[in-house]
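Shown next, in structure tokens, is the structure this report addresses.
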Amino acid sequence: MAAPSIERTILLDDLAMSSDELWRLVATAEGWREWLVDEADIDVRDGAAGDVVDDGVRRAVRIGSVLHGEQISFVWSSDDTDLSHVTLRIQKTDDGRRALHITEVPIAACAQCPMRVEAVASRWDLRECLLCLAAHASSRV
Amino acid sequence: MSDPLDDLFGALADPTRRALMVRLVSKGPATATVLSADFPLTRQAVVKHLQALEAAGMVTPERQGREVRFRADPEPLAAAVGWLLDAGASWDRRIDRLRGRVGSRAGSTTREH
């Protein structure tokens with residue numbers, strides 16, 4: 001039995017939108033606000049930190065990696081203990097169509113991080129911890 | 001890093017451990033000796049499975065005199081299932097918004113599988 005994770009694959013009609021438009025939806029704060037979250041205050045680039053509001057809940061976000069036109073990954077937290085790693089990947093299906101593949105995997109506090117997430121007192125500390133988690137989650141998921 | 005959810009689902013990957021959990025939930029706490037009588041397992045094998053479940057937070061040992069009884073604690077599993085349900089529902093809502101976003105400008109459709 002694998003660890004729990006959420007996976008969704010959305011097939012996109014080839015003519016639905018340009019690759020640039022799809023990438024804007026996947027990898028910009030402006031695009032995120034159109035479908036992913038209610039509000040987004042983050043510059044989506046490697047290592048960036050920011051905040052989003054998701055279903056009325058503010059989440060701290062740390063971008064793990066951005067592969068232009070292909071994939072982004074980030075770690076977000078709805079509180080100081082509920083952390084998960086999200087990957088949004090644009091890929092081609094076997095029949096040549098585009099698809100957006102989404103995964104979300106819950107993660108525990110990083111054993112290599114000097115601070116435990118449960119003990120993090122400030123959001124700045126949480127962001128530093130998220131950076132550590134994002135780095136390790138990218139190699140793990 | 002060791003992930004508690006990995007430990008949890010890893011422990012439950014074994015059908016014998018799942019059966020032991022069902023036994024402890026349905027009939028209450030029991031010692032390894034009692035459990036070994038209920039299952040085609042040696043006491044030593046039962047103890048090994050119980051240790052894996054304990055490491056995942058699924059059972060709690062309780063000393064009673066010279067024996068140790070094991071009590072089921074399904075709360076970690078309930079928490080994991082709760083996370084899956086909540087996170088899955090959230091992504092379904094986001095995908096619906098993305099579908100609407102794509103459809104409203106491009107007149108196309110998305111499909112999920």
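Each chain gets a letter, A, B and so on, in the order the sequences are listed, and its residues count up from 1. This one's a predicted model, so the numbers in the text were calculated from it and none came from an experiment.
Pairing each heavy atom of Ala87(B) with each of Glu104(A), the nearest pair is CB-OE1, 4.1 Å. Nearest heavy-atom pair, Trp83(B) versus Ser84(A), reported as atom, atom and distance to 0.1 Å: CZ2-CB, 4.2 Å. Contact detail for Ile6(A) and Leu84(B): the closest heavy-atom pair is CD1-O, 3.4 Å. Between Val37(A) and Arg97(B) the shortest heavy-atom distance is N-NH2, 4.3 Å.
When the side chains of ILVMFWY residues are joined at heavy-atom separations under 4.5 Å, either directly or via intervening members, Leu41(B) and Phe70(B) end up in a single hydrophobic cluster. Note on Trp91(B): it clusters hydrophobically with Ile10(A), by side-chain heavy-atom contacts below 4.5 Å among ILVMFWY residues. Both Leu50(B) and Val25(B) are assigned to one and the same hydrophobic cluster, defined by single-linkage of ILVMFWY side chains at heavy-atom distances under 4.5 Å. Cluster annotation: Val81(B) is connected to Leu24(B) through the hydrophobic network of ILVMFWY side chains, with a link wherever side-chain heavy atoms come within less than 4.5 Å. At a threshold of 4.5 Å between side-chain heavy atoms, the hydrophobic network of Ile, Leu, Val, Met, Phe, Trp and Tyr places Ile42(A) and Trp76(A) in one connected group.
Every residue two or more places apart in sequence or in another chain was checked for a ring pair (Phe, Tyr, Trp, His ring centres under 6.0 Å) with Trp35(A), and none qualifies. Scanning for side-chain hydrogen bond (donor to acceptor under 3.5 Å, both in side chains) contacts around Asp38(A) gives an empty result, with sequence neighbours left out.
Both the backbone and the side chain of Leu36(A) come within contact range of chain B, each with at least one heavy atom under 4.5 Å from a heavy atom of that chain. Neither the backbone nor the side chain of Val26(A) comes within contact range of chain B; no heavy atoms are under 4.5 Å apart. Heavy atoms of Leu22(A) lying under 4.5 Å from chain B are absent altogether.
Atoms CD1 and CD1, from Ile102(A) and Ile95(B) in turn, are 4.5 Å apart once rounded to the nearest 0.5 Å. Here Arg94(B) contributes atom CZ and Asp54(A) contributes atom CG; the two are 4.0 Å apart, rounded to the nearest 0.5 Å.
A heavy-atom distance below 4.5 Å is found between the side chains of Asp55(A) and Arg93(B).
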